[in-house]
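Throughout, protein chains are lettered first and strands after them, A, B, ... in sequence-line order, and every chain is numbered starting at 1. What you see below is based on every heavy atom in this structure, not just the backbone, and it leaves out hydrogens, waters and symmetry mates.
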Amino acid sequence: MPELPEVEVVRRGVSRWAAGRTVTDVEVLDARSTRRHDGGPVAFADALTGMTLAAPERRGKYLWIPLTGPEGSGTLAVVVHLGMSGQLLVNAPSDPDPKHLRIRIGLHAEQGEEPRELRFVDQRIFGGMFLAPLIPATDHPEQSLPAPVAHVARDPLDPWFEPEAVHQRLVRRRTGLKRALLDQTLVSGIGNIYADEALWQARLHFDRPTGTLDRTDTVGVLEAVTAVMAKALEQGGTSFDSLYVNVNGESGYFSRSLKVYGLAGQPCQRCGGPIVREKFMNRSSHFCPRCQRRQ
DNA sequence: AAGTAATCCTGATCGC
DNA sequence: TGCGATCAGGATTACT
């Protein structure tokens, strides 16, 4: 389940292996993967073909690659969301098609090098790709982002991330803390796994009413989020030596450091009490009832 | 207006 | 062995 660190790993991989290349052809193998593109798969393929990929950018779990072309530069981007099971791969065209390949983007051979393919693979089709115009960010107009991503808040690894502003908005909410952490318009990049991990780190209960949090609580949990994400990035974003960009939520390349997620019944590493799993928002919350009291 | 539920998806796993 | 039910959950949409 790709969250911010996994998406950042993909961004770096795309930057290393696909940026600067020109799109030769586009094949949409499953139209559902371009459902968010106005005009559908054919319009998507037509508009993307012939464009050159600039350096990829990211906010939260959204990744986008600005496009340059004959009809204007930096006004359009191809936006990617991995959803639950999405992967972006850079392959040699001769590599066999993986199962669940949804979109194939052919990349022109560059200065003596071989052609490549940018591949979108997605088993469950919650993710997708679409083209969107780039617009100035409202808070920092020198920065641009795709229009459909404008509602997404800055993530904890963003240089312009403001914990104080998040605190102010968070305490005004009348909801539970984890609900708020998962709300991408409040703070982005956090999914179920890192929410549980950060809450354990900060010793806060997932359903703690946001109105009862003080500045120390909020900053504490945001710092925990940042720390957990930075650690995951350290472990997952190591090497791009080979021509293969991958993110796979199931691979669990940082699962070794998880403290609560998926560990129901296991002893808490802090107090030894059993980790509990509870139903929450059609999914589950993992926490230590002894370390993480509601009040 | 803001908070919450429904919806989209496939494959692994489970109980009978 | 088979088969329906359950679970995994991010983000948008449609409600209340």
Side-chain angles (χ1 to χ4, degrees), chain A residues 1-10 28-38 40-41 58-64 79-88 97-103 120-130 132 145-156 166 168-199 206-213 225 229 232 247-252 255 258 260-265 277-287:
Chain A
M1 292 133 282
E3 299 181 27
L4 184 152
E6 293 88 335
V7 180
E8 175 59 17
V9 168
V10 172
V28 179
L29 292 98
D30 193 314
R32 293 173 296 181
S33 292
T34 54
R35 65 163 71 113
R36 291 187 67 186
H37 183 82
D38 296 329
R58 182 191 55 73
R59 175 180 286 198
K61 303 170 198 172
Y62 276 94
L63 173 75
W64 67 90
V79 185
V80 187
H81 198 292
L82 299 174
M84 286 294 300
S85 53
Q87 294 172 267
L88 262 190
D97 286 359
K99 201 173 180 183
H100 309 307
L101 176 64
R102 309 299 186 192
I103 301 171
F120 182 72
V121 181
D122 189 13
Q123 182 214 116
R124 287 157 72 182
I125 324 185
F126 275 39
M129 297 180 96
F130 56 94
L145 74 173
V149 182
H151 69 286
V152 176
R154 292 185 182 275
D155 61 64
V166 176
Q168 294 298 334
R169 294 187 56 202
L170 192 122
V171 294
R172 280 175 177 77
R173 291 285 178 93
R174 287 297 172 263
T175 187
L177 176 54
K178 186 173 170 182
R179 269 198 155 81
L181 291 177
L182 294 176
D183 183 345
Q184 305 297 305
T185 67
L186 201 54
V187 49
S188 70
I190 306 172
N192 203 38
I193 298 175
Y194 292 124
D196 283 1
E197 293 298 312
L199 287 166
F206 70 90
D207 206 21
R208 171 79 175 269
T210 48
T212 68
L213 295 165
V225 167
M229 284 181 171
V247 70
N248 183 347
E250 332 292 340
S251 73
S255 61
L258 294 180
V260 284
Y261 184 82
L263 298 176
R277 176 176 140 183
E278 215 168 276
K279 290 259 173 207
F280 170 79
M281 282 175 83
N282 258 333
R283 55 197 73 172
S284 50
S285 265
H286 309 75
F287 68 108

S.K.: Run the ring-ring contact (aromatic ring centres under 6.0 Å, His included) test against A/Phe206 and tell me which residues pass, sequence neighbours left out.
M.R.: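 Scan of A/Phe206 (ring-ring contact (aromatic ring centres under 6.0 Å, His included), adjacent residues dropped) gives A/Phe280, A/Phe287.
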S.K.: List for me each residue that meets side-chain contact (heavy atoms from CB on, under 4.5 Å) alongside A/Ala147, sequence neighbours excluded, and say none if there are none.
M.R.: A/Pro133, A/Ile135
S.K.: With sequence neighbours left out, write down each residue that passes side-chain hydrogen bond (donor to acceptor under 3.5 Å, both in side chains) with A/Lys178, or none if nothing qualifies.
M.R.: A/Asn192, A/Asp196, A/Ser285
S.K.: For the helix from B/dA2-C/dT16 to B/dC16-C/dG2, what angle lies between the axis at the first five pairs and the axis at the last five pairs, to 10 degrees?
M.R.: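 Its terminal axes enclose an angle near 60°.
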S.K.: Would you please name every residue forming a side-chain hydrogen bond (donor to acceptor under 3.5 Å, both in side chains) with A/Arg36, sequence neighbours left out?
M.R.: A/Tyr62
S.K.: For nucleotides 7-11 of chain B, give me every protein contact, N/O to N/O, under 3.5 Å, one pair per line with atom names.
M.R.:
from	atom 1	to	atom 2	distance (Å)
B/dC8	O3'	A/Arg35	NH2	3.4
B/dC9	OP1	A/Arg35	NH2	2.5
B/dC9	O5'	A/Arg35	NH2	3.3
B/dC9	O3'	A/Arg32	NH1	3.4
B/dT10	OP1	A/Arg32	NH1	3.0
B/dT10	OP1	A/Arg32	NH2	3.1
B/dT10	O2	A/Gln123	OE1	3.4
B/dG11	OP1	A/His100	NE2	3.4
B/dG11	O4'	A/Gln123	OE1	3.3

S.K.: What pairs with A/Ala153 under side-chain contact (heavy atoms from CB on, under 4.5 Å), at least two apart in sequence or on another chain?
M.R.: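 Scan of A/Ala153 (side-chain contact (heavy atoms from CB on, under 4.5 Å), adjacent residues dropped) gives none.
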S.K.: Got a sec, which residues hit side-chain hydrogen bond (donor to acceptor under 3.5 Å, both in side chains) with A/Arg169, two or more places apart in sequence or on another chain?
M.R.: none
S.K.: For A/Asp38, give me all partners under side-chain contact (heavy atoms from CB on, under 4.5 Å), at least two apart in sequence or on another chain.
M.R.: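 If we apply the side-chain contact (heavy atoms from CB on, under 4.5 Å) test to A/Asp38, skipping adjacent residues, there are no hits.
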S.K.: Anything under 4.0 Å to a heavy atom of chain A counts; send over the first and last such nucleotide of DNA chain C, read 5' to 3'.
M.R.: C/dC7 to C/dT12
S.K.: Holding to side-chain contact (heavy atoms from CB on, under 4.5 Å), I want the full list of residues that pass it with A/Leu263, two or more places apart in sequence or in another chain.
M.R.: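 Result, side-chain contact (heavy atoms from CB on, under 4.5 Å) vs A/Leu263: A/Gln266.
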S.K.: Just jot down the side-chain hydrogen bond (donor to acceptor under 3.5 Å, both in side chains) partners of A/Ser284, sequence neighbours excluded, or say none.
M.R.: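 Residues passing side-chain hydrogen bond (donor to acceptor under 3.5 Å, both in side chains) with A/Ser284: none at all.
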